[in-house]
Amino acid sequence: MRVLRRPELIWLTRAERSTDGRVVGRQPYPSIMASWALVWRGLRDQVPDRDYHEGATVTDVRQREDGVGLWVDGRPAGTYAAVVGADGYRSAVRPVVAPEAEVRYAGYGLWRGDYPAERGADGARSPLLDDFAAVGFRGGHAVFYRIPDAAGGFRQNWALYGSVPYDLYPDGAAPVPRGRVTETAAAYLDALVARELPPTWADAVRRTERRELSINPMYDTTVSRYAKGALLLAGDAGAIARPHTGAGAVKAIQDARALERACQEHETWAEALAAFDAARRDAGNALTALGKHLGRMRVEDSPDWSTLTPADFESWLHANTHGWQSAYDPA
């Protein structure tokens with residue numbers, strides 16, 4: 001799979017006499033930039049067509065003495081020895097496994113966009129656009145990086161954490177997918193980047209067409225268990241951590257590997273799921289706590305970036321990650 005590798009995250013802020021902004025500090029952050037389309041295709045190719053039911057919706061999940069009963073599109077679909085709920089933040093399985101878990105809106109959102117990289121080739125370009133860069137401002141920050149596309153080229157990708165007035169969500173604090181961002185919301189974003197981002201980065205956002213924009217509310221969820229009976233949770237069906245952690249996909253991979261190890265080391269589903277729960281419950285909830293902490297440091301109680309010195313930045317960064325270089329790899 002084609003990827004881009006970047007060794008560090010460069011933090012900048014707005015500066016009056018610079019179109020790029022002022023570099024405040026550099027964070028060691030070895031990263032692999034990938035396209036979700038390519039990741040999905042690679043995973044999908046490993047699943048036989050007979051086992052993949054596109055468009056089928058699990059509408060009910062019931063624990064039974066002999067396993068788990070499933071209903072798909074309102075019809076019984078069989079009883080299974082074990083069922084993995086890997087069905088995302090609106091999981092239908094989580095209320096059965098951990099009924100006390102509540103998905104809470106954090107009060108701000110993540111604006112996202114991406115577009116063909118050559119769209120930005122008609123004007124002056126900053127070399128920083130080829131790097132992994134973050135621009136800090138009071139009340140949020142934006143990150144910029146390139147990703148490979150499915151056609152052999154590259155896309156300019158960006159994500160901005162910051163305020164999203166509640167009335168900009170058409171369906172309450174629910175994700176607004178690509179193609180559904182309103183003109184009013186797009187105008188709000190344009191005013192936000194004009195006010196907070198250096199010209200280079202504001203221009204990088206403005207090159208995104210409205211149909212390429214999306215809005216993701218930030219959520220938090222912890223769970224009392226990752227398995228109950230023959231049901232288990234994986235990925236965002238379990239604990240939900242804000243994307244500040246950079247660990248959403250990693251957490252899901254860790255869940256899958258923990259389940260694999262549990263099945264290799266134990267002879268019954270009951271033993272395997274108990275071991276899986278013990279391995280992943282605290283780890284998932286810890287990431288939720290870290291995401292909330294990073295949200296406070298980087299959005300809700302962000303510093304005055306215009307005044308930060310390199311020494312201030314180092315102190316701030318250490319306080320962000322408790323000395324870790326990333327959310328899942330201690331320094």
Side-chain angles (χ1 to χ4, degrees), residues 6-29 31 106-113 120 123-146 156-165 168 185-208 213 215-216 218 242-246 290-327:
R6 296 290 181 261
E8 63 181 1
L9 176 58
I10 304 169
W11 287 85
L12 306 104
T13 191
R14 190 178 179 115
E16 290 185 3
R17 298 183 180 181
S18 172
T19 57
D20 290 349
R22 175 174 65 90
V23 174
V24 180
R26 295 173 180 265
Q27 177 182 1
Y29 205 106
S31 302
Y108 64 94
L110 175 63
W111 302 81
R112 300 198 71 135
R125 282 189 69 259
S126 167
L128 287 169
L129 282 168
D130 292 326
D131 292 314
F132 184 19
V135 183
F137 55 89
R138 290 301 291 266
H141 65 282
V143 294
F144 297 82
Y145 53 93
R146 294 195 166 193
Q156 180 65 52
N157 190 68
W158 60 267
L160 186 150
Y161 296 88
S163 65
V164 182
L168 295 185
Y188 179 88
L189 173 64
D190 185 71
L192 176 63
V193 300
R195 183 175 67 250
E196 304 292 0
L197 300 187
T200 292
W201 308 102
D203 177 70
V205 172
R206 289 196 180 103
R207 290 179 183 269
T208 315
L213 294 174
I215 309 173
N216 294 93
M218 295 294 96
R242 302 181 201 179
H244 304 295
T245 61
L290 179 60
K292 293 170 73 172
H293 168 72
L294 292 175
R296 286 191 297 272
M297 296 290 292
R298 301 185 177 190
V299 179
E300 297 160 306
D301 192 23
S302 58
D304 182 355
W305 284 87
S306 66
T307 67
L308 285 191
T309 66
D312 294 333
F313 172 80
E314 290 298 328
S315 297
W316 173 81
L317 182 62
H318 190 277
N320 266 247
T321 60
H322 307 298
W324 290 28
Q325 298 291 6
S326 73

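Reckoned from all heavy atoms, side chains included, excluding hydrogens, waters and symmetry mates.
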Ignoring hydrogens and angles, write down the donor-acceptor pairs under 3.5 Å from the side chains of residues 7-14, residues two or more places apart or on other chains.
residue, atom, partner, partner atom, Å
E8, OE2, R26, NH1, 2.6
W11, NE1, Q27, OE1, 3.1
T13, OG1, G136, O, 3.2
R14, NH1, A194, O, 3.0
R14, NH1, R195, O, 3.4
R14, NH1, L197, O, 2.8

Legend entry - Pairing of E300 and R242 as salt bridge, 4.0 angstrom limit: yes
Inset, instruction - Report yes or no: does H244 contribute a side-chain atom to a donor-acceptor pair with the main-chain N or O of K292 at less than 3.5 Å? - result: no
Inset, instruction - Would you indicate whether the side-chain heavy atoms of Y161 and R298 approach each other to under 4.5 Å? - result: no
Inset, instruction - Evaluate the criterion side chain to side chain contact (heavy atoms under 4.5 Å, CB included) for residue pair L110 and I215; output intermediate values, then yes/no. - result: CA-CA 6 Å; L110 175 63; I215 309 173; over 6 Å; no
Inset, instruction - Check whether any side-chain heavy atom of P303 lies under 4.5 Å from a side-chain heavy atom of L308, and answer yes or no. - result: yes
Inset, instruction - Before giving the answer on side chain to side chain contact (heavy atoms under 4.5 Å, CB included), spell out for L213 and R112 the whole-Å C-alpha distance, their side-chain angles and the decisive distance to 0.1 Å. - result: CA-CA 6 Å; L213 294 174; R112 300 198 71 135; over 6 Å; no
Inset, instruction - Would you mind reporting whether V164 and Y108 have side-chain heavy atoms less than 4.5 Å apart? - result: no
Inset, instruction - Take Q156 and L129 through the test side chain to side chain contact (heavy atoms under 4.5 Å, CB included) and record every step on the way to the result. - result: CA-CA 8 Å; Q156 180 65 52; L129 282 168; 4.1 Å; yes
Inset, instruction - Report yes or no: does W111 contribute a side-chain atom to a donor-acceptor pair with the main-chain N or O of S163 at less than 3.5 Å? - result: yes
Legend entry - Any side-chain heavy-atom pair of D190 and R206 under 4.5 Å: yes
Legend entry - Spatial distance of atom CG (D130) from atom OH (Y145) [nearest 0.5 Å]: 15.5 Å
Legend entry - Nearest-0.5 Å distance, CG of residue D301 to CZ of residue R296: 9.5 Å
Inset, instruction - Evaluate the side-chain proximity of R22 to P198: yes if any heavy-atom separation is below 4.5 Å, no if none is. - result: no
Inset, instruction - For the residue pair S315 and D312, confirm or rule out a side-chain donor-acceptor distance under 3.5 Å. - result: no
Legend entry - Atom pair CG (D131) and OG (S126), whose distance is rounded to the nearest 0.5 Å: 8.0 Å
Inset, instruction - Over all heavy atoms of both residues, which pair between A204 and F144 is shortest? Give the atoms and the distance, please. - result: CB-CE2, 3.9 Å
Legend entry - 4.5 Å side-chain heavy-atom contact, L160 and L192: yes
Legend entry - Aromatic plane relationship, W305 with W316 - under 30° parallel, 30 to 60° tilted, over 60° perpendicular: perpendicular
Inset, instruction - Side-chain contact test, heavy atoms from C-beta onward, threshold under 4.5 Å: evaluate it for V205 versus W158 and give yes or no. - result: yes
Inset, instruction - Go through the steps to decide whether R138 and D304 satisfy the test side chain to side chain contact (heavy atoms under 4.5 Å, CB included), and finish with yes or no. - result: CA-CA 6 Å; R138 290 301 291 266; D304 182 355; 3.4 Å; yes
Legend entry - Nearest-0.5 Å distance that lies between atom OG1 in T245 and atom CG in L290: 6.5 Å
Inset, instruction - Under the ring pair (Phe, Tyr, Trp, His ring centres under 6.0 Å) rule, collect the residues that match up with F137, sequence neighbours excluded. - result: none
Inset, instruction - List in chain and number order the residues that pass side chain to side chain contact (heavy atoms under 4.5 Å, CB included) with R6, two or more places apart in sequence or in another chain; answer none if no residue qualifies. - result: L4, M33, F132
Inset, instruction - Give a yes or no answer on whether the side chain of S302 reaches the backbone of G139 with a donor-acceptor pair at less than 3.5 Å. - result: yes
